[in-house]
Colleague: 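The structure that follows is given in the form of structure tokens.
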Protein chains: 2
Amino acid sequence: MATGRTHRPATRSRGIPEATVARLPLYLRALTALSERSVPTVSSEELAAAAGVNSAKLRKDFSYLGSYGTRGVGYDVEYLVYQISRELGLTQDWPVVIVGIGNLGAALANYGGFASRGFRVAALIDADPAMAGKPVAGIAVQHTDELEHIIESNGVSIGVIATPAGAAQQVCDRLVAAGVTSILNFAPTVLTVPDGVDVRKVDLSIELQILAFHEQRKAGEETGPEGGAPTTSGRPAAVAAAAEAAVAGERKGPDGDVPAVMPA
Amino acid sequence: MATGRTHRPATRSRGIPEATVARLPLYLRALTALSERSVPTVSSEELAAAAGVNSAKLRKDFSYLGSYGTRGVGYDVEYLVYQISRELGLTQDWPVVIVGIGNLGAALANYGGFASRGFRVAALIDADPAMAGKPVAGIAVQHTDELEHIIESNGVSIGVIATPAGAAQQVCDRLVAAGVTSILNFAPTVLTVPDGVDVRKVDLSIELQILAFHEQRKAGEETGPEGGAPTTSGRPAAVAAAAEAAVAGERKGPDGDVPAVMPA
DNA sequence: ATGTCTTTGTGAACGCGTGCACAAAGATGG
DNA sequence: CCATCTTTGTGCACGCGTTCACAAAGACAT
């Protein structure tokens, strides 16, 4: 998963732990698939396997919602789909605005899974006057000037920011001032928001860097198990030369270790 | 942040906690901004504010990397940029393939932050023969048949999956079989991979659902603090009618509460 | 009705992550 | 050289999340 919790460090909302809330959509997806196959009931073991989690964790998660299972049988699929949907607030309509209709914003607007679960793209907003009126995913793009009006007249409480990093905070401030209280941020910036506003961050670059860290560790373990600084990539292809040049010495080694960036 | 850890539940890699690794890119970004403004040193307090974290947490995070600060002064910006980059493996070149060049895949290919930090888009791969040869972001799309060849000849160890959900597992299997050991998955599916392969998931739909949960809770608290089932949205606009119809009764209420999905 | 068998729901223990608070370290000025 | 002041690095305690293991509950067969 590509997200870190930003705000709300450990707020246990209505007794449901944050970690559990984050898994509910996962269960819901697995249950929906079972529902489409007309499977009537499912055990915690089966469902856990489908969702990729531990069965004990799943049972504990469900126990926060109530006792919805039947011992000796399992959980009723349709009933559970409804209960989780209701708990997540998906039984109501959530109008969403997307701000910043570049490559990513357009992709989000076209994303099918968006509308599937109660989320409705109410408006697309971009700062470029040339974009105004242009249809994207069947919706005409509107100019940033209209932002406040759109938010208020549509009762939008969820905003998606897909602008460049430089514009994100400003857009965020305007969204919040207009009444938005939940923000999904794709811009690579830390957003500052007042209390009561939730921000979730999706950052491609961070995800890749985390993968690179583990990848490097794997490569280092392969070549030498002494656990020190990695030497070269485990994959002996084109990366080797660059890797060797960049990663040569020991931590806090001689000057040759730290080229041109050593402190005074 | 929009990602959840998938694999690797609590593996402490080389003594660096997973939570710390996830924050290093954040610090690196803030430090890079300082570096561009030619700021020589920064205190843990300042840097923590820029990265949106607690200063004690930041100091503890850095302590896992070593003693890179100077008491009474702070941290040398350039030196820290280098150390974190090296720790994350960003001093070497990481060729990346993107599979699935639809709206999202194209957006990812065009994403600037991709190439900025050692990640290089080595190839774009799509199953549609009509896409083959078409340039996206300056790179010609190649057909899925070439997948194994591309991975092996470029020494690719990181793959990005941006295909529809139905194709994701199959693509994943082929990537892994060809030698990829880190996968960033944008498809809304749980991927099954062998041990030693890292998967990180970016799921827009899940993020929105988590936001909706908190949004619903906020609305429920506004109207009635008795903590029961929410009644209507806190925003009195167009959503009210739909919300009232959908969210009416109490948990485990009479049949009218659960329309057409009640278990036997 | 009774026994058996399956599966849930949860008490308890453990480990990781976070934040406080402070001692140690070094810079800086006199 | 000494005193003071700033800032780091970390010991410690606390809380959340995960996992194990098992008792309770209900289905089902006889």
Side-chain angles (χ1 to χ4, degrees), chain A residues 1 4-24 26-27 39-77 79-80 83 210 252 263-264, chain B residues 1 4-24 26-27 31 39-49 51-77 79-80 83 210 252 263-264:
Chain A
M1 121 175 115
R5 286 155 219 157
T6 303
H7 191 237
R8 193 176 298 276
T11 308
R12 184 170 286 202
S13 311
R14 147 101 167 290
I16 301 183
E18 189 63 26
T20 296
V21 173
R23 280 188 294 268
L24 290 182
L26 223 55
Y27 302 145
V39 176
T41 62
V42 64
S43 72
S44 65
E45 202 71 47
E46 293 168 312
L47 186 55
V53 301
N54 184 297
S55 70
K57 197 187 312 193
L58 179 141
R59 287 198 298 275
K60 181 148 286 191
D61 283 342
F62 285 174
S63 78
Y64 292 113
L65 309 182
S67 285
Y68 292 150
T70 306
R71 301 181 187 223
V73 176
Y75 299 91
D76 182 275
V77 171
Y79 187 56
L80 205 47
Q83 290 299 341
I210 295 171
K252 281 221 163 179
Chain B
M1 155 155 127
R5 285 153 221 161
T6 302
H7 192 237
R8 192 176 300 273
T11 307
R12 184 170 286 204
S13 311
R14 148 104 165 287
I16 301 183
E18 190 61 27
T20 295
V21 173
R23 280 189 293 269
L24 289 183
L26 223 56
Y27 302 145
L31 284 165
V39 177
T41 62
V42 64
S43 72
S44 65
E45 201 71 48
E46 294 168 312
L47 186 55
V53 301
N54 185 297
S55 71
K57 198 188 310 194
L58 179 141
R59 287 197 298 275
K60 183 151 289 192
D61 284 341
F62 285 174
S63 78
Y64 292 113
L65 308 182
S67 286
Y68 291 153
T70 306
R71 301 182 186 219
V73 176
Y75 298 92
D76 183 275
V77 171
Y79 187 56
L80 205 47
Q83 290 300 341
I210 295 171
K252 283 219 163 179

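Atoms considered below: every heavy atom in the structure, side chains included; atoms not considered: hydrogens, waters and symmetry mates. None of the values given here were measured: they were computed from a predicted structure. Residue numbering restarts at 1 for every chain, and letters A, B, ... go by the order of the sequence lines.
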Colleague: Should A/Thr20 and A/Lys60 be marked as a side-chain contact (heavy atoms from CB on, under 4.5 Å) after you check the CA-CA gap, both sets of side-chain angles, and the distance that decides it?
Modeller: CA-CA 9 Å; A/Thr20 296; A/Lys60 181 148 286 191; over 6 Å; no

Colleague: Would you kindly give the CD-to-C1' distance between B/Glu45 and C/dC20, to the nearest whole Å?
Modeller: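 Checked: the CD to C1' distance equals 13 Å.
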
Colleague: Separation of B/Leu80 atom CG from D/dT8 atom P, in whole Å?
Modeller: 11 Å

Colleague: In whole angstroms, how far is the C1' atom of D/dT18 from the CG atom of A/Leu58?
Modeller: 13 Å

Colleague: Rounded to whole angstroms, how far apart are CG on B/Leu65 and P on D/dT8?
Modeller: 15 Å

Colleague: Test of understanding: with side-chain contact (heavy atoms from CB on, under 4.5 Å), list the residues that count as partners of B/Ala48, not counting sequence neighbours.
Modeller: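 Result, side-chain contact (heavy atoms from CB on, under 4.5 Å) vs B/Ala48: B/Val53, B/Ser55, B/Leu58.
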
Colleague: Select from B/Gly74 and A/Arg23 the residue whose nearest nucleotide in DNA chain D is closer to the 5' end of that strand.
Modeller: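 That would be B/Gly74.
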
Colleague: How many whole angstroms separate atom CD of B/Glu46 from atom P of D/dT7?
Modeller: 8 Å

Colleague: Could you state the CG-P distance from B/Asn54 to D/dG9, rounded to the nearest angstrom?
Modeller: 15 Å

Colleague: Between A/Leu24 and A/Leu65, what is the shortest heavy-atom contact and its length?
Modeller: CD2-CD1, 4.0 Å

Colleague: Using a cut-off of under 3.5 Å, enumerate the N/O to N/O pairs linking the protein to nucleotides 1-4 of chain C.
Modeller:
none

Colleague: Any non-hydrogen side-chain atom of B/Leu31 less than 4.5 Å from a side-chain atom of B/Leu47?
Modeller: yes

Colleague: Please report the distance, rounded to the nearest Å, between NZ in A/Lys57 and C1' in C/dT8.
Modeller: 18 Å

Colleague: Do any N or O atoms of the protein come closer than 3.5 Å to N or O atoms of nucleotides 9-12 of chain C, and which pairs are they?
Modeller:
unit_1: C/dG9; atom_1: OP1; unit_2: A/Gly69; atom_2: N; d: 3.0
unit_1: C/dG9; atom_1: OP2; unit_2: A/Tyr75; atom_2: OH; d: 2.6
unit_1: C/dG9; atom_1: O4'; unit_2: A/Arg71; atom_2: NH2; d: 3.0
unit_1: C/dG9; atom_1: N7; unit_2: A/Arg59; atom_2: NE; d: 2.9
unit_1: C/dG9; atom_1: O6; unit_2: A/Arg59; atom_2: NH2; d: 3.3
unit_1: C/dG11; atom_1: O6; unit_2: A/Lys60; atom_2: NZ; d: 3.3
unit_1: C/dA12; atom_1: N6; unit_2: A/Lys60; atom_2: NZ; d: 3.1

Colleague: List the steps, then state whether side-chain contact (heavy atoms from CB on, under 4.5 Å) holds for A/Tyr75 with A/Glu46.
Modeller: CA-CA 10 Å; A/Tyr75 299 91; A/Glu46 293 168 312; over 6 Å; no

Colleague: Rounded to the nearest 0.5 Å, what separation is found between the OG1 atom of B/Thr41 and the CG atom of B/Leu80?
Modeller: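 Rounded to the nearest 0.5 Å, the OG1-CG separation comes to 11.5 Å.
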
Colleague: Would you name the heavy atoms of A/Tyr64 and A/Gly15 that are closest together and state the gap between them?
Modeller: CD2-O, 3.7 Å

Colleague: Could you tell me whether the phosphate oxygens of C/dT7, OP1 or OP2, come under 4.0 Å of any side-chain nitrogen or oxygen in A/Ser44?
Modeller: no

Colleague: Checking A/Tyr68 against A/Phe62 for the side-chain contact (heavy atoms from CB on, under 4.5 Å) test, could you report, in this order, the C-alpha distance in whole Å, the side-chain angles of both residues, the deciding distance, and whether it holds?
Modeller: CA-CA 7 Å; A/Tyr68 292 150; A/Phe62 285 174; over 6 Å; no

Colleague: Of the listed nucleotides (C/dA27, D/dT18, C/dG17), which one gets closest to any side-chain atom of B/Pro17?
Modeller: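 Nearest to the side-chain atoms of B/Pro17, counting from C-beta on, is C/dG17.
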
Colleague: Determine the minimum heavy-atom distance between A/Val77 and A/Val42, stating which atoms define it.
Modeller: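 For A/Val77 and A/Val42, the tightest heavy-atom pair comes out as CG2-CG1, 4.0 Å.
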
